[in-house]
Structure formats: structure tokens, C-alpha cells
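Numbering starts at 1 and runs along the sequence shown. Just so it is clear, the model here is predicted, and its values are computed rather than measured.
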Amino acid sequence: MLKRTHFCGDLRSVHAGERATLCGWINTYREQGRGLFFVDLRDKQGLAQVVFGTETCPAELLEAGRTLRREDVVGVTGMIRVRTGGANPKLASGEVELLAEKLEVFNKAETPPILPDEYEADKIGEETRLKYRYIDLRRPKMQGILRTRSRITKATRDFFAAHGFLEIETPLLIKSTPEGARDFVVPSRLHPGSWYALPQSPQLFKQILMVAGCDRYLQICRCLRDEDPRADRQAEFSQIDLEMSFVEREDVIAMMGGYVASLWKELFGVDLGTIPTMTWATAMERYGIDRPDTRFELFIDDISLMAARCDFQVFQQALASRSPAGRSGVVKCIRVPGGADKLTRKMTDGYSEWVKTFRAGGVPVVKYTAQGFESGIAKFLGPIADELAARLSLVPGDMVLFAADTWEIATKALGELRLRLAADLKLIPPGKWEFLWVVDFPMFDWDAEGNRWVALHHPFTSPNPDQFGILESDPGACLSAGYDLVLNGSEIAGGSIRIHRMDVQQRVFNLIGLSNEEAQSKFGFLLNALRHGAPPHGGIAFGLDRLVMHVVGTDNIRDVIAFPKTQSGGDLMIDAPSPISDEQLRELSVRTTAPTS
């Protein structure tokens, strides 16, 4: 068998005069006449041109070469020379070509159902590309993504190993703890009627590792949640999971800020500088979302106090309302610089309809001119016109868009509208990286349907050090020691300082309505560990898939996973999920209630 000496995409003019053996797939085949023909050979590094029909090419080789077709797998040996017809600037190896002297066909390919060409990819439905994923992954773009992902994981391991982290695996078959998303469950053959769960994250195990004295833990792990996939989420995904002992929030933030700074320096040569920090309250009030995109300057203003002086029933009704969590209604707005000329009536009417998907009633609008407010709801703003213009720093040509509702609905509606405005008005500068730490999240959220408090993050998150006194007296105002890392409006990491004292953990369980018996049943192994000397500890988890999405510039998570699932959770390549036999079901002591086809 011919043994490869060079990769196709690595050939350069410095290799001219050397003998080489290339191995790969036939990418293109073309005749030139005069007994000459060319193939482009492709491997993971790129393409190289191979010439058949020169004086060094035996007749039998020429005949064998003419049988080659797309996606045949071959090895070719010959001499490298500088291209006689001039370099091909579209190829990294375009300065040279290989003169074929020996050919070995490793495998003749059938006519491929799809071709691994970038210009063909957009013409082929994603489901077809997922079914033939082994061909789609041959595309240069996909090979580049796989290399980038591998580079990120290596850089991650190198960075944290240099900072004293131990890489430790945690179990994949665990106990079901029904908090958060739905578990995937696995029946036990050896324990009939009992079930394992697949881990949604290694959260409890990494805390136990801190109790075990491991001090600093790292794992690049698989996590599984039985929830509906979407563009940036899959039921099966990867995390960079970390935990540290004897730390406070600032220690974790400093370590993880150093990690992303080193990663961006290596990948892009970019110096991120100091990553800014923003409180959750500021993020929600100014951006309408807890993962704000700070690459563009559109801000939300709460004008409830001055709106109370307007004779506009939409405002008045909103201000008189209260949300299930007890918040008063609000009036909020966004100033759009130059919006009077940039936003058409059709667009603003469309926004009014669109925000109804977030339960908002609509988007009142008004233009600002040299003569003051005009059109829309201008006639209602008389008592506050000058004050509002000053508050928003309006200049002629601006437009103001309003939302009036409960705090939750108005904030959500304008937060989403802000992002849509940025896309419609092309306000996001290309190639810009904006990192941000968001801190001081609420510890609890009120579940009106269940009539109880629920942990906003998870029930093992500690309150901030100055918040223990209001844990029971004012849980709605209690702030947690949680933190999220946001990149360009996407949460790429989230974590917290954990509760390490058993008495505090019990107080939190009591607050969210978990009895001692329920807590012991669901989390007994962690609670038992906390009773035996748990250090102060905290950690974070980076979404590896989402991180790679940002680095390679795609908005589809399936692009960055080698073998992803579809939107409905299926694997088209291996046809999973699929039924299993009655014999397997009996062996597992399981009976299906699904209708038979």
C-alpha cells in the first residue's frame, strides 16, 4: 500500500523537486487534451493538483487514471513541480502540482448522494446532509470547524492544567433528581423496576469532588437534557465544567476571565483587556435581557414616573397593573437615533404585531422633530414632552418606541425588540467581540402557578455574603452569588458560589418547599457529603458548542457537532431513536405503551 508522505493542502513551492505520496479523495477530474488530464486530490488539509499524462506517466497509469471519479479514495506517488501554467491563488497548494508516476485505488466510490462542496451545501436540505454526515463532514468548512473545536479543547486543557486543575471523569449513569430540565432515563437490567438517569450536568459530583479535597476540577463532559432542541441548543451537548475550593466570586471570575483572554489571544491574536461586570438589575433595565448584547448602543429607559402624568389610557392601565410576582406595571421606551427616516410605518406596525408573541399589547411610537413630538401618540405626551426629550437626549429625526405593561412583559418585549431593531438597522459591527460578566442575579423567582418560590439558578447556589439576613424575610430581594459570562449577547458560561454549609442548604430547601424527607430522597448523597466537612467552593460551566459557534461564526449548533441531532432529536445517519425488540424489553422488565404501527 502506498504510504502518505505529505498532506495535499500542505504542499508549497519549497517542496518542488521532492518525491511525494498523497492520499485522499478525488475532488474533481478534468481532461485537457493532448493526453493530459488533471485531478484535484482532497484530504483534511486541503487540495492538491495531480497531473496525469506527462512523460513520467506510464500508459497503464494513464488508463487507470481515466477511470477515476468523484470521491474515489486513492494514493498517488510522483514528483512535485512548480505549476507550468502559473499559480492558482484559490488553493493554498496552488504554486505546485504532483506529476503522477504511481497510482493505487484504495476504494471506488459509488455515485455520491451529495457532494462535499461548499457551493452545493446551501442547495442541499440539512436533513439530507445529516443523513449523509460522513460525506458532508468532508467539506473544507466542516473540516475547519472540527480542527478549531479540537484546538479549543486542547488550549482549554493546557490552560487549566497549568493552573493546577485535575481532569476527572464523573459518572454517566446516575440518580434521577427531577429539578430543572427533564431527565433521560435508563432502565436497569440488574435492578428490575429501578432506573438510572443520564446527567444533565456533573453539578453534584463536582461539588462532592471539592468535599473530597480535589481543590480544582476540570472536565470536558457530555450533558443530556430531554428538552426540545433549537438553533443554539441540543439535547446532547458538551460542557467545559470546572470547580474550585476556597474561593469567592471574584476568584472564579478572575480565573475564567484569564482563560477566555488566553483563548482569544491564541485564536485571534486579540487582547480582550479587562472584561467588564454588570449587575443583573442593570442588564434588565437597560437592555431588557440578562445576556445583553453590548456591541451597539440602543438603551431602554423606564419612564413610569413621568408617564403617570400623561392622559393616555394605555399607560394608565399598565401602571395600575401588578404582575403575579407583585411588581407594579411600567412604561418603558427605546430611543432609535434617526429612526424617523429609517423605520417605516410598515416596520413599526410589524413590531406591534410581533411583540404580541411576548404577551405585550403593542408598540406605541412617536417621532421627534425640530417642532417637538409628531405622529403616533404625540398628542398624549404634552405634559411631559420637554422632560421626556431631555431624559432621552432626543434630536430631530429620532423615533421613540414604547412598551406599557407589567414589568416582566414590558422588559421582555423591549429587550427582544432592541435585538430586532439592531438586525433591521444593521447596527452590529462585524468582527467585534464584546464579553461581559453579569452578576447579582435574584436568588429566587416566584412561581405563580405553583404558588411558591423556586431557585432561579439551582438550589445549591449560595446567596451573596451580605444577603443571608433577608433569605427568609425577603426572598424576592435576595441576590445570589451567581455569575454568567456573556459574549455578543449569548450566554457562553454560567456558574455560582455554592452553598457549603448544611444549615444554609436546609434553609434554601425549606424556602422552595422541599421537605427534609424530599431533600434527602433527591439529594441525600450531596447532603451527607456536606455534613462531613465541605470547603467554600464555586465553579462554572462553559457551553463548548456555543463557544465554538462564536469562534467559527455560525448560528447553527449542528454545524459544530460532528454527529448532531435534528430539531426533533433524531439522528438521521444511524436512524435513532428506534424501537427495540420485545426480548430486550422483557430483559429490562419494561413494557411499552406506545401504539404499534
Side-chain angles (χ1 to χ4, degrees), residues 230-232 278 280-308 310 312-337 339 342-367 375-378 380-381 384 388 391-392 394 398-425 427-428 438 441-442 445-446 448-449 456 486 489-491:
R230 58 192 198 201
D232 65 348
M278 181 183 295
W280 176 88
T282 299
M284 296 302 291
E285 292 296 340
R286 295 294 279 157
Y287 298 92
I289 198 167
D290 60 4
R291 45 177 176 80
D293 190 337
T294 56
R295 288 175 296 173
F296 58 95
E297 293 191 348
L298 280 183
F299 301 111
I300 298 171
D301 278 274
D302 188 327
I303 60 163
S304 299
L305 291 178
M306 68 175 78
C310 288
F312 185 34
Q313 285 304 303
V314 172
F315 287 179
Q316 298 305 320
Q317 289 170 5
L319 293 171
S321 67
R322 295 188 75 84
S323 70
R327 287 180 179 267
S328 299
V330 294
V331 178
K332 296 190 172 191
C333 64
I334 295 179
R335 170 205 172 206
V336 182
K342 298 173 183 176
L343 297 176
T344 65
R345 174 68 180 271
K346 181 179 179 181
M347 293 172 73
T348 56
D349 286 348
Y351 296 154
S352 275
E353 285 300 311
W354 181 68
V355 298
K356 291 178 181 178
T357 61
F358 309 110
R359 297 188 295 148
V363 179
V365 300
V366 68
K367 295 179 181 179
S375 73
I377 63 169
F380 299 109
L381 300 180
I384 64 167
L388 181 60
R391 168 75 175 271
L392 303 181
L394 296 177
D398 290 349
M399 179 178 280
V400 183
L401 287 72
F402 299 86
D405 216 303
T406 63
W407 183 89
E408 291 82 358
I409 292 175
T411 300
K412 172 74 172 177
L414 284 190
E416 296 294 340
L417 180 57
R418 176 181 179 271
L419 297 175
R420 180 160 174 178
L421 285 166
D424 289 349
L425 300 177
L427 300 180
I428 302 175
V438 179
F441 286 81
D445 194 18
W446 180 252
E449 186 175 332
L456 190 66
V486 177
S490 175
E491 178 201 329

Student: If only atom types and distance count, is the side chain of R418 paired as donor or acceptor with the main-chain N or O of Y287 below 3.5 Å?
Tutor: no

Student: Which pair of heavy atoms, one from A410 and one from V330, lies closest together, and at what distance?
Tutor: CB-CG2, 3.7 Å

Student: What distance separates I300 CD1 from L401 CG, expressed to the nearest 0.5 Å?
Tutor: 11.0 Å

Student: If I compare all heavy atoms of I334 with all of L414, which pair ends up nearest, and what's the gap?
Tutor: CD1-O, 3.6 Å

Student: Compare all side-chain heavy atoms of P364 with those of V400 and state whether any distance is below 4.5 angstrom.
Tutor: no

Student: With side chains defined as the heavy atoms from C-beta onward, is the minimum distance between W407 and S323 less than 4.5 Å?
Tutor: no

Student: Are D424 and Y351 packed together at the side-chain level, in the sense that at least one heavy-atom pair is separated by less than 4.5 angstrom?
Tutor: yes

Student: Tell me whether R359 at atom CZ has more than 12 heavy atoms from other residues, nucleotides or ligands lying less than 6.0 Å away.
Tutor: no

Student: Report yes if the side chains of P292 and R286 come closer than 4.5 Å at any heavy-atom pair, otherwise no.
Tutor: no

Student: Return the minimal non-hydrogen interatomic distance between Q316 and C310, and the atom names on each side.
Tutor: NE2-O, 2.6 Å

Student: Heavy atoms, side chains only, cut-off 4.5 Å: are F380 and V366 in contact?
Tutor: no

Student: So if I apply the salt bridge (charged side-chain N to carboxylate O under 4.0 Å, His left out) rule between D398 and each of K367, K342, R335, which one comes out positive?
Tutor: R335

Student: With sequence neighbours left out, write down each residue that passes side chain to side chain donor-acceptor pair (under 3.5 Å) with T406, or none if nothing qualifies.
Tutor: none

Student: Salt bridge between K412 and E408, side-chain N to carboxylate O under 4.0 Å?
Tutor: no

Student: Please round to the nearest 0.5 Å and tell me the distance separating atom CG of L421 and atom CE of M399.
Tutor: 10.0 Å

Student: Minimum heavy-atom separation for R391 and D302, please, with both atom names.
Tutor: NH2-O, 2.9 Å

Student: Once rounded to the nearest 0.5 Å, what's the spacing between atom CZ of F299 and atom NZ of K332?
Tutor: 14.5 Å

Student: Do F402 and F315 make the cut of ring centroids closer than 6.0 angstrom?
Tutor: yes

Student: Can you list the steps and then say if T348 with V363 is a side-chain contact (heavy atoms from CB on, under 4.5 Å)?
Tutor: CA-CA 8 Å; T348 56; V363 179; over 6 Å; no

Student: Evaluate the side-chain proximity of L425 to L343: yes if any heavy-atom separation is below 4.5 Å, no if none is.
Tutor: yes

Student: For R295, check side chain to side chain donor-acceptor pair (under 3.5 Å) against everything at least two apart and list the hits.
Tutor: D293

Student: If you look at every heavy atom in G489 and R291, which pair is closest and at what distance?
Tutor: O-NH1, 3.0 Å

Student: Dump the intermediate steps for side-chain contact (heavy atoms from CB on, under 4.5 Å) on V486 and M278, then the final yes or no.
Tutor: CA-CA 10 Å; V486 177; M278 181 183 295; over 6 Å; no

Student: What distance do E416 atom CD and T357 atom OG1 have between them, rounded to the nearest 0.5 Å?
Tutor: 8.0 Å

Student: For D290 and M284, which heavy atoms make the closest approach, and how far apart are they?
Tutor: N-SD, 3.4 Å

Student: Working to the nearest 0.5 angstrom, can you tell me the gap between R420 CZ and W354 CH2?
Tutor: 6.0 Å

